[in-house]
Protein chains: 2
Amino acid sequence: MATIEDVAKLAGLSRSTVSRVINNHPYVTEKKRQLVYDAMRQLEYHPNSSAQRLRTQKTNTIAVLVPRLTNPFFPLLVEGLEEVAVENGFQLLICQTQANEEKELSFLHMLTTKQVDGLIFTSIENEWSTVEPYMQSGPMVLCNEYRSDVNVSIVRLDQVKGSYLGAQYLIDKGHQAIAYCGATTSELGRDREKGFIQALAEAGLSLKKEWYFDNLYSIDCGKRVLRNILEMDPNDRPTAVFTGSDEVAAGIMKEARQKGLSIPKDLAVIGFDDQPIAELLEPSLTTIRQPTKDMGRQTMEVMLSMLTNEQKKHPYERKVVELPIELIKRESV
Amino acid sequence: MATIEDVAKLAGLSRSTVSRVINNHPYVTEKKRQLVYDAMRQLEYHPNSSAQRLRTQKTNTIAVLVPRLTNPFFPLLVEGLEEVAVENGFQLLICQTQANEEKELSFLHMLTTKQVDGLIFTSIENEWSTVEPYMQSGPMVLCNEYRSDVNVSIVRLDQVKGSYLGAQYLIDKGHQAIAYCGATTSELGRDREKGFIQALAEAGLSLKKEWYFDNLYSIDCGKRVLRNILEMDPNDRPTAVFTGSDEVAAGIMKEARQKGLSIPKDLAVIGFDDQPIAELLEPSLTTIRQPTKDMGRQTMEVMLSMLTNEQKKHPYERKVVELPIELIKRESV
DNA sequence: TTGAAAGCGCTAACAA
DNA sequence: TTGTTAGCGCTTTCAA
């Protein structure tokens, strides 16, 4: 492999001049610039990325932590993140945590080893107290999932409103017995619960403990929920289910059909996300639309502004962005 | 940030000894090893990744080129690739080409700039002649898509058999008028076409030009196909469609319902991939199952063996792995 | 078993 | 406008 030294020799110039050409610096005469280009081409020279990183202390890479890419929500988010990153000369390092605390920690490590310039969480597995120390190694932004009581930049949705809209719609459609699929472990999950309960309360209803399903995320989880519902007393079981994701909703619907239930007649189902699958299901899925890709774009913009401010030696400024969320009415309710 | 020098000083030892401890070399007394560990902990020292890379000329990172992550086939493939990579201390750099030639080229570049140790294609956008020169910069493996006439390692499926099975099944079910959604641009696409035509030929049938839809990949593409079919003469139009992906099949089915067609009565549909969505559709989708995740695992194993052989200064040995493919019968045919 | 020293390939401050 | 020079932080001979 040719090095900058080889190019300099061949061009009859110094390494500095070659470096200036590589980095598009001013104050290089056109003639010498050409000399350098010729030499680079002749030697098939390409600057060594590790050397550049070591010297500049920058990687132009941003880590994005996602639980798993097989959940279609995240590829969409990544698409938004990546668009803005690439527009600004940055690269993404996509890290699947598999919802595993240790894996997440190992990725956080990349910030301290200077393998990445910044890090974006789209979900958080560890306690914030164990994450926080890593903030001194580089900028972090929370996207989607959040912690409102800590000093970190956040781009998120109004989850309270999301579930409120869903519950209200079910109630408007005459449902009184509504099951809930949620997650108690995250603030996002607790906010959704808040909105859901609020809508119920305004209608004089409350959430039954036995109708609360916790910690669900997959199609199979959804199927299990449906089977659980079927095991309940037929005279006292939910007529509608609010779910935390289109996957779970799809699982419920699939299993319902399997068991001979008709949707929405026997059971109304409402999803969350508005993934492509929502429209394809039969009946098509009523769901809460998240502006996923836009959330990605905005997150990356916050991250890049932090990286830029950092260069100006300004302290990081906390930004909180909240994006709108809406109900998409289809046929499953 | 603490450096190795700081650790050495605090421990009262040399940089070399600290380095040996970091890299688990033998010949360090337990006592000094502890001294080093203590110093590292005290200083919160973490080796700088760029420096290690520059010095060792290794990144322990492998680039994986995918067209886009929003096609669920690829996250599944990546999962397999990543499992094996992580098991062996390697990291994945996932690169979305957006099916764009220039983007692909820019990622190939990472091999020459030593940003990655090896590169895996899951689809190829450029001519092989423009890709080939990059092989001298590091090992490459083709996964899923392939070029049988070039000297590169490949892990792939028997595509001829895949489409043969699908076509044969449709014919067995009594279909004579079968539309085909394919791709002429890749060898994979041409092989599928081969198998399809072969099955037809054995039944004394042939593929109508007007029933050939080229270059389709998304749900919307599928919808368009269905509309095209409906514009045909009702007395001379396909009774079945063979598609190149579950997405396209889903689009066709969705639009068919929209237009009042019943599946499979009015139109039989067969997919390709067996993604989660295949089972969820109504009716559920008959499709060709690809052992996607396993294909990923095997690909990474080939890549790692090349990386290892490289260290032994052996020339790369071309490996070709072909995985089985099967027909999953459901309700859409 | 340990340390000294060289150098991976690059950028940037400084001098000219 | 260009070149000289000093490292960035690490690993790895080589010698002790």
Side-chain angles (χ1 to χ4, degrees), chain A residues 1-37 39-40 43-60 89 109-117 137-138 311, chain B residues 1-37 39-40 43-61 109-117 137-138 311:
Chain A
M1 271 300 288
T3 72
I4 200 173
E5 177 80 52
D6 301 327
V7 176
K9 268 197 194 125
L10 184 61
L13 295 164
S14 74
R15 266 151 53 202
S16 341
T17 304
V18 177
S19 174
R20 286 187 191 103
V21 172
I22 293 170
N23 296 288
N24 286 314
H25 283 188
Y27 306 129
V28 181
T29 50
E30 195 48 42
K31 193 180 142 197
K32 307 216 163 170
R33 193 180 294 276
Q34 276 312 324
L35 242 38
V36 170
Y37 278 138
M40 292 197 330
L43 294 169
E44 298 187 41
Y45 167 77
H46 297 281
N48 179 303
S49 157
S50 305
Q52 289 181 310
R53 289 177 179 208
L54 176 57
R55 184 56 233 239
T56 62
Q57 304 282 35
K58 301 210 175 326
T59 64
N60 288 327
H109 234 82
M110 299 189 312
L111 213 47
T112 65
T113 60
K114 303 283 178 227
Q115 224 188 111
V116 296
D117 297 337
S137 304
Q311 288 167 357
Chain B
M1 271 302 288
T3 71
I4 199 172
E5 177 80 52
D6 301 327
V7 176
K9 269 196 194 125
L10 184 61
L13 295 164
S14 72
R15 267 148 55 201
S16 338
T17 303
V18 177
S19 175
R20 286 189 191 103
V21 171
I22 293 170
N23 296 287
N24 286 313
H25 284 189
Y27 307 128
V28 180
T29 50
E30 195 48 42
K31 192 180 145 196
K32 307 217 162 168
R33 192 179 295 275
Q34 275 313 324
L35 242 37
V36 170
Y37 279 138
M40 293 198 328
L43 294 169
E44 297 185 42
Y45 166 78
H46 297 280
N48 179 303
S49 156
S50 305
Q52 288 180 313
R53 289 177 179 207
L54 176 58
R55 182 56 233 241
T56 61
Q57 306 282 37
K58 302 213 174 322
T59 63
N60 287 326
T61 304
H109 234 81
M110 298 188 314
L111 212 47
T112 65
T113 59
K114 304 282 178 228
Q115 224 189 110
V116 297
D117 296 338
S137 304
Q311 289 166 357

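All chains are named by letter (A, B, ...) in the order of the sequence lines, taking the proteins before the strands, and each is independently numbered beginning at 1.
- No donor-acceptor contact under 3.5 angstrom links the side chains of Ser16(B) and Ser19(B), judged on distance only.
- As a whole-Å value, the separation of Met1(A) CE from dG9(C) P is 9 Å.
- In this structure a side-chain-to-backbone donor-acceptor pair under 3.5 Å is missing from Asp117(B) to Lys58(B).
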Please step through side chain to side chain contact (heavy atoms under 4.5 Å, CB included) for the pair Val28(B) and Val36(B), ending with a clear verdict.
CA-CA 10 Å; Val28(B) 180; Val36(B) 170; over 6 Å; no

For nucleotides 14-16 of chain D, list the nitrogen or oxygen atoms of the protein found under 3.5 Å from its nitrogen or oxygen atoms, one pair per line.
none

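- Side chains of Ile22(B) and Met40(B) form a contact here, defined as non-hydrogen atoms less than 4.5 Å apart.
- When the side-chain nitrogen and oxygen atoms of Gln52(B) are compared with OP1 and OP2 of dC8(C), none of them lie within a distance under 4.0 Å.
- Remark: Thr112(B) engages His46(A), His109(B), Tyr134(B), Ser137(B) in a side-chain contact (heavy atoms from CB on, under 4.5 Å) (not counting sequence neighbours).
- Applying the ring pair (Phe, Tyr, Trp, His ring centres under 6.0 Å) test to His25(A) and every residue at least two apart in sequence or in another chain returns nothing.
- Listed in residue order, the members of residues 26-37 of chain B having a heavy atom less than 4.0 Å from DNA chain C are Tyr27(B), Val28(B), Thr29(B), Lys32(B).
- Rounded to a whole Å, the CG atom of Leu54(A) is 12 Å from the P atom of dG9(C).
- Put simply, NE2 on His46(A) is 20 Å from P on dC8(C), counting in whole angstrom units.
- Sorted by residue number, the members of residues 5-19 of chain B with any non-hydrogen atom under 4.0 Å from DNA chain D read Arg15(B), Ser16(B), Ser19(B).
- Of all heavy-atom pairs between Lys114(A) and Ser50(B), the closest is O-OG, 4.0 Å.
- To the nearest angstrom, P of dC10(C) lies 11 Å from CE of Met40(A).
- The salt bridge (charged side-chain N to carboxylate O under 4.0 Å, His left out) contacts involving residues 1-12 of chain A comprise Glu5(A)-Arg15(A), where partners must be two or more places apart or lie in separate chains.
- Note: CD (Gln115(A)) to P (dC10(D)) measures 13 Å, nearest angstrom.
- Interatomic distance, Gln52(A) CD to Asn23(A) CG, rounded to the nearest 0.5 Å: 6.5 Å.
- The distance between atom CD1 of Ile22(B) and atom P of dG9(D), rounded to the nearest whole Å, is 13 Å.
- Between His25(A) atom NE2 and dC10(C) atom C1' the separation is 12 Å, expressed in whole Å.
- As rounded to whole Å, 14 Å separates atom P of dT4(D) from atom CD1 of Ile4(A).
- Considering every non-hydrogen atom in both Asn24(A) and Tyr37(A), the closest pair reads OD1-OH, 4.3 Å.
- Here the straight-line distance linking atom OG1 of Thr61(B) with atom CD of Gln115(A) works out to 6.0 Å at 0.5 Å rounding.
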